[in-house]
Amino acid sequence: MLKHRIIFGTILALVALGILGIDGWFAPYFPILFAVMMLMGVLTSREIVSMMPTATRPPLPIVMVLVLMVIAANWLPPFIGSLSPAVAVGTAFLASLQIIFLFEMATYREPGGHVGRMSLTLFAVAYLGLLASCFVQIRWLSPEKGATILLLTIF
């Protein structure tokens with residue numbers, strides 16, 4: 001078991017190092033990091049929704065779209081110079097909260113389970129989207145040291 005973890009951890013470290021190294025050539029847009037974060041958003045959304053109780057499980061497409069929306073908001077500031085990352089991500093998170101409420105209002109048929117479903121959806125978006133946003137923002141801290149700081153944070 002330990003042997004597999006060491007092998008898998010080493011492979012993951014090399015892949016992360018390669019991704020961040022190659023992506024440095026495309027600074028400040030980091031398209032490879034964007035693709036990896038989007039893929040991770042899809043995979044982690046599927047995993048977290050599958051772990052939630054069936055009675056209050058939120059719809060996977062809603063969770064996935066909202067998580068991806070919050071993660072993608074990190075890439076707005078490089079294209080819109082006057083926009084701060086906190087405003088972009090915060091606005092996306094607040095918009096996801098409004099979408100959650102509107103979706104539950106549109107699908108309401110009878111009492112029961114809606115508050116739990118909204119809470120779990122918001123938890124998934126905050127846990128997966130905002131946490132990923134923190135990692136992405138670490139990458140933009142410094143053009144020279146951002147990749148090193150991010151690698152040290154992960155490992």
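In this structure, the separation between CD1 on Ile100 and CD1 on Ile62 is 9.0 Å, given to the nearest 0.5 Å. In this structure, the separation between CD1 on Ile138 and OG on Ser133 is 11.0 Å, given to the nearest 0.5 Å. Here the straight-line distance linking atom CG of Leu68 with atom OG of Ser45 works out to 6.0 Å at 0.5 Å rounding. Of the inter-residue distances, the one linking Phe101 atom CZ with Gln98 atom CD reads 9.5 Å to the nearest 0.5 angstrom. One finds the CD atom of Glu47 at 9.0 Å from the CG atom of Leu128 (value rounded to the nearest 0.5 Å). Between the CG atom of Leu131 and the CD1 atom of Ile71 there is a distance of 9.5 Å, given to the nearest 0.5 Å.
Linking Ile, Leu, Val, Met, Phe, Trp and Tyr whenever their side-chain heavy atoms come within less than 4.5 Å leaves Met105 and Val63 in two separate clusters. Val65 and Val70 are not part of a single hydrophobic cluster, where members link through side-chain heavy atoms under 4.5 Å apart. A single hydrophobic cluster is not seen to contain both Leu43 and Val125; linkage of ILVMFWY side chains at heavy-atom distances under 4.5 Å, directly or through other members, places them apart. Note on Val115: it does not cluster hydrophobically with Tyr108, by side-chain heavy-atom contacts below 4.5 Å among ILVMFWY residues.
Contact between Met52 and Leu120 at its shortest, heavy atoms only, is CE-O, 3.5 Å. Taking each heavy atom of Trp75 and Phe30 in turn, the nearest pair found is NE1-O, 3.5 Å. Shortest non-hydrogen contact noted between Thr56 and Gly116 is CB-C, 4.1 Å. Summarising the geometry of Met37 relative to Ala132, their closest heavy-atom pair is CE-CB, 3.4 Å, with the distance given to 0.1 Å.
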query = Should Asn74 and Phe34 be marked as a side-chain contact (heavy atoms from CB on, under 4.5 Å) after you check the CA-CA gap, both sets of side-chain angles, and the distance that decides it?
reply = CA-CA 9 Å; Asn74 287 283; Phe34 177 76; over 6 Å; no

query = Run the side-chain contact (heavy atoms from CB on, under 4.5 Å) check on Lys3 and Ile7 step by step: do they pass?
reply = CA-CA 6 Å; Lys3 178 182 172 184; Ile7 292 170; 4.0 Å; yes

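Looking at Met38 and Val42, their side chains never come closer than 4.5 Å, going by heavy atoms from C-beta outward. Between Val67 and Met64 there is no side-chain heavy-atom pair separated by less than 4.5 Å. Contact annotation: the side chain of Ile48 never approaches that of Thr44 to less than 4.5 Å [non-hydrogen atoms, C-beta and beyond]. Phe103 places none of its side-chain heavy atoms less than 4.5 Å from the side chain of Leu66. Using a 4.5 Å heavy-atom cutoff, the side chains of Met40 and Val36 are in contact.
Judged as a side-chain hydrogen bond (donor to acceptor under 3.5 Å, both in side chains), the pairs with a partner in residues 111-127 (not counting sequence neighbours) are, in order, Glu104-His114, Glu104-Arg117, His114-Arg117.
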Please list, one pair per line, the donor and acceptor atoms closer than 3.5 Å that link side chains of residues 82-94 to other protein atoms, with sequence neighbours excluded.
from  : atom 1 : to    : atom 2 : distance (Å)
Ser84 : OG     : Val87 : N      : 3.2
Thr91 : OG1    : Val87 : O      : 2.6

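Without hydrogens or angle criteria, Arg57 side chain to Val49 main chain gives a donor-acceptor distance under 3.5 Å.
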